[in-house]
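First comes the structure, then the notes that go with it.
Chain letters run A, B, ... following the sequence lines, proteins first, then strands; residues in each count from 1.
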2 protein chains.
Amino acid sequence: MVTLAEVAQHAGVSSSTVSYVLSGKRSISTTTRQRVEESIRKLGYHPNAGARALASSRSNIIALMVPLRTDMYVPVMMEIAVAVAAGARAHGYDILLLTGEEGPDAVRRVTGSGLADAMILMDVELDDERLPLLRGTQQPSVLIGLPADTEGLTCVDLDFRATGALCVEHLAELGHRDIAVVGEAPAVYERHTGFAERTLDGLRTRARELGLRLLHRPCEGGYDATAATLARVFDERPETSGFVVQNESALEPLLALLRQQGRAVPEDVSVVAVCPEQVATQASVRVTSVAVPAQEMGRRAVEQLVGKLDGLGGDEVVLLAPELTVRASSGPAPVRP
Amino acid sequence: MVTLAEVAQHAGVSSSTVSYVLSGKRSISTTTRQRVEESIRKLGYHPNAGARALASSRSNIIALMVPLRTDMYVPVMMEIAVAVAAGARAHGYDILLLTGEEGPDAVRRVTGSGLADAMILMDVELDDERLPLLRGTQQPSVLIGLPADTEGLTCVDLDFRATGALCVEHLAELGHRDIAVVGEAPAVYERHTGFAERTLDGLRTRARELGLRLLHRPCEGGYDATAATLARVFDERPETSGFVVQNESALEPLLALLRQQGRAVPEDVSVVAVCPEQVATQASVRVTSVAVPAQEMGRRAVEQLVGKLDGLGGDEVVLLAPELTVRASSGPAPVRP
DNA sequence: GTTGACTGTCGAAGCGCTTCGACACACCTA
DNA sequence: TAGGTGTGTCGAAGCGCTTCGACAGTCAAC
């Protein structure tokens with residue numbers, strides 16, 4: 001391995017000069033800089049990450065904790081993770097991938113060892129056990145998701161409460177009075193995952209305000225579970241004409257089942273989904289949806305974090321405004337006989 | 001931050017002793033060890049990763065290059081990545097997440113800087129441009145996927161050629177004579193992705209041997225693209241009674257379309273898929289499938305890599321044997337009029 | 001011409017850990 | 001009792017980089 005000292009010798013300068021050429025922290029004359037850069041290229045020099053981290057107490061690594069759960073729709077997580085990775089690279093950071101498995105211990109390990117300069121946490125629960133640790137360290141962090149108490153934390157998330165409200169409003173405007181919500185798996189609610197509960201809250205509040213009837217059913221997703229859920233919904237509320245789906249793996253099954261039962265979408269039943277664009281546009285019916293802006297969330301999280309690392313900006317909650325795109329799955333409520 | 005020296009002082013021993021307690025590389029008396037461990041706990045000591053990496057030239061980090069492409073079915077990738085992360089942690093390694101975006105440069109960066117001790121590459125093309133770099137370094141690496149030339153490389157993959165053959169055999173045994181293959185997106189083939197081409201090879205070879213007619217059509221996935229593909233298939237080969245699907249996002253659309261067209265599965269048409277278990281069992285019909293053992297692949301890749309890092313084992317190609325699970329989507333070919 | 005302010009470069013002191021050789025001591029054997 | 005063999009511990013020398021203070025040299029201003 002070529003070292004900085006060897007580069008310095010090759011270029012006929014001191015090693016500190018090479019270091020300053022690399023970091024740009026002091027001005028270097030053009031001729032010297034060029035000579036050094038030439039040597040770097042010729043020798044194929046790469047700074048040693050460990051030495052750099054030790055000397056500067058900066059690893060240029062951002063830890064990303066992604067959930068490992070199987071009851072979550074992974075593509076969204078993956079999309080966020082990829083956006084985070086790309087964004088981080090653009091700012092000169094690498095990503096250390098931590099699976100949720102380790103839980104709070106991972107936070108301790110990373111902050112304690114200086115392995116990473118900062119962390120991004122995904123899949124935040126309303127009362128997440130990792131939060132006290134984050135508050136008790138000076139290591140910058142950003143949550144993707146919104147816990148109950150955001151005091152002293154930086155969070156980035158879609159405004160799921162507004163999302164819920166938006167879905168209800170859309171269906172209300174179309175004249176629907178009985179709305180069913182096909183939600184995430186029961187375990188997601190049991191865990192008090194922020195986004196699920198807040199969506200539900202938004203849905204319920206707005207429905208109450210507008211005088212609609214709302215029926216919420218968690219659903220495991222997949223064909224069978226969705227069929228069971230659907231049956232129970234129509235059993236309990238035969239008048240249901242509007243569906244809000246917040247569970248990607250229940251969306252296509254739901255559409256298929258409705259079709260099979262002879263309920264036309266959107267003539268008899270309207271469907272609104274909360275899901276990534278791609279899912280909504282690739283389904284068997286183009287689905288009216290509020291997109292989960294995974295990329296945007298990942299990007300913003302990195303931006304917030306880099307801002308904090310550079311000493312700018314404080315604690316802030318960034319809530320992205322939801323946007324509802326009307327497609328072919330929603331239309332005027334059927335006229336009651 | 002607490003340092004090793006502080007722990008040593010607190011325990012009344014030299015810092016090298018603390019280091020040996022931590023690493024176990026020299027024998028330490030029980031009393032000393034306990035005293036040191038006590039101090040470590042009391043002071044809340046965490047070894048500094050940078051210093052450790054510098055002194056030992058070992059970072060205990062494994063780099064994982066995952067593709068960033070959008071034309072690949074991400075859940076499989078994610079599943080592998082998560083399995084890799086879990087496996088790595090079990091062996092004391094962390095995972096550095098590299099997106100395919102950087103390409104060969106990422107390999108250079110990581111090997112050059114000592115950021116990671118080893119790498120795992122996913123989404124390998126038959127003639128991958130990263131391979132020469134891997135061969136030219138002593139840094140251990142494992143590919144998940146199989147390039148054309150495996151000389152000097154360690155690879156882990158499902159035996160996709162056997163997978164293709166297995167699908168054809170199953171359909172042949174059921175009496176199907178005309179088989180259509182709904183494949184991955186065209187871009188996947190254009191890139192000469194190993195698994196796609198090898199599956200196709202297995203399908204074609206076995207079909208030829210058994211005297212079956214095989215029609216292969218790449219497919220973007222999603223409802224519309226699948227509909228178009230399906231139309232073209234029946235247009236060209238109206239007799240088609242067996243489908244092999246190697247594209248998760250085309251599977252459910254295919255089933256829905258067949259249903260819509262009044263073609264019963266499996267009475268009129270049999271469907272065999274190459275996909276994760278979950279996709280096969282959660283579809284609207286339980287699909288006969290060869291599972292892509294993502295977890296197993298991730299686990300094996302880590303094992304191979306750790307073996308190499310510990311100086312055991314050499315270059316090896318691990319091909320996992322495919323297993324076909326018969327479910328409700330395949331049955332005897334319809335009797336020709 | 002002297003003063004002062006800059007600029008560009010250097011030397012050296014760490015950063016916190018691992019690891020090697022040395023060494024003190026206890027124990028056994030001859 | 002002298003010599004050999006282990007055991008357990010210590011000291012010190014780095015690992016390759018960053019960064020701080022120092023210091024020539026240059027140039028403008030008075």
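Contact annotation: side chain of B:Arg26 to base of D:dT9, donor-acceptor pair present below 3.5 Å. Residue-to-nucleotide contacts include a donor-acceptor pair under 3.5 Å from the side chain of B:Ser16 to the base of D:dG11. Counting distance only, with no hydrogens placed and no angle test, the side-chain atoms of A:Tyr20 and the base atoms of D:dC20 include a donor-acceptor pair under 3.5 Å.
Here the closest heavy-atom approach between residue B:Cys155 and residue B:Leu146 is recorded as CB-CD1, 3.6 Å.
Of the candidates A:Leu98, A:Val142, A:Leu143, A:Leu98 is the only one forming a side chain to side chain contact (heavy atoms under 4.5 Å, CB included) with A:Met119. Partner of B:Gln304 under the side chain to side chain contact (heavy atoms under 4.5 Å, CB included) criterion, out of B:Ile144, B:Ile120, B:Val318: B:Val318 alone. When each of B:Asp310, B:Val302, B:Ile62 is checked for a side chain to side chain contact (heavy atoms under 4.5 Å, CB included) with B:His91, only B:Val302 meets the rule.
Nucleic acid contact class of A:Leu54 (heavy atoms, under 4.0 Å, all strands): base. B:Ser19 comes within contact range of at least one nucleobase, with a heavy-atom separation under 4.0 Å.
Checking C:dT18, C:dT9, C:dT7 against the side-chain heavy atoms of A:Thr32 singles out C:dT9 as nearest. Among the nucleotides C:dG8, C:dC10, D:dG16, the one closest to the side chain of A:Ser29 is C:dG8.
Regarding A:Leu22, its CG atom lies at a distance of 7 Å from the P atom of D:dT18, rounded to whole Å. Atom C1' of nucleotide D:dC15 and atom CG of B:Leu115 are separated by 16 Å, given to the nearest angstrom. Residue A:Ile28 contributes atom CD1, which lies 13 Å from atom C1' of D:dT19 at whole-angstrom precision. Rounding to whole angstrom units, NZ of residue B:Lys25 and P of D:dT9 are separated by 18 Å. In this structure, CG of A:Leu4 is placed 6 Å from P of D:dT18, rounded to the nearest angstrom. The separation between A:Arg58 atom CZ and C:dG16 atom C1' is 19 Å, rounded to whole Å. The distance between atom CD of A:Glu6 and atom P of D:dC15, rounded to the nearest whole Å, is 11 Å. Going from atom CD of A:Gln9 over to atom P of C:dT9 covers 18 Å, rounded to whole Å.
B:Arg299 has a carboxylate O that lies under 4.0 Å from a charged side-chain N of B:Glu303, or vice versa, which qualifies the two as a salt bridge. By the 4.0 Å N-to-carboxylate-O rule, B:Glu38 lies close enough to B:Lys42 to be salt-bridged with it. A salt bridge links B:Arg191 with B:Asp123: the closest approach of a Lys/Arg side-chain nitrogen to an acidic carboxylate oxygen falls below 4.0 angstrom. Between B:Asp105 and A:Arg89 there is no salt bridge, since none of the side-chain N atoms of the basic residue sits less than 4.0 Å from a carboxylate O of the acidic one.
Checked by atom type and distance alone, the side chain of B:Arg35 pairs as donor or acceptor with a backbone atom of B:Ala11 at under 3.5 Å.
The number of heavy atoms from other shown groups lying within 6.0 Å of CD (B:Glu296) is above 12.
Under 4.0 angstrom from either OP1 or OP2 of C:dC10 there lies at least one side-chain N or O belonging to A:Thr17.
Contacts between residues 38-52 of chain B and DNA chain C, defined by a heavy-atom separation below 4.0 Å, involve B:Tyr45, B:Pro47, B:Asn48, B:Ala51, B:Arg52, listed by number.
Taking five base pairs at each end of the helix from C:dG1-D:dC30 to C:dA30-D:dT1 and finding the rotation axis that steps the C1' atoms of four pairs onto the next four gives two axes whose angle is 40°, to the nearest 10°.
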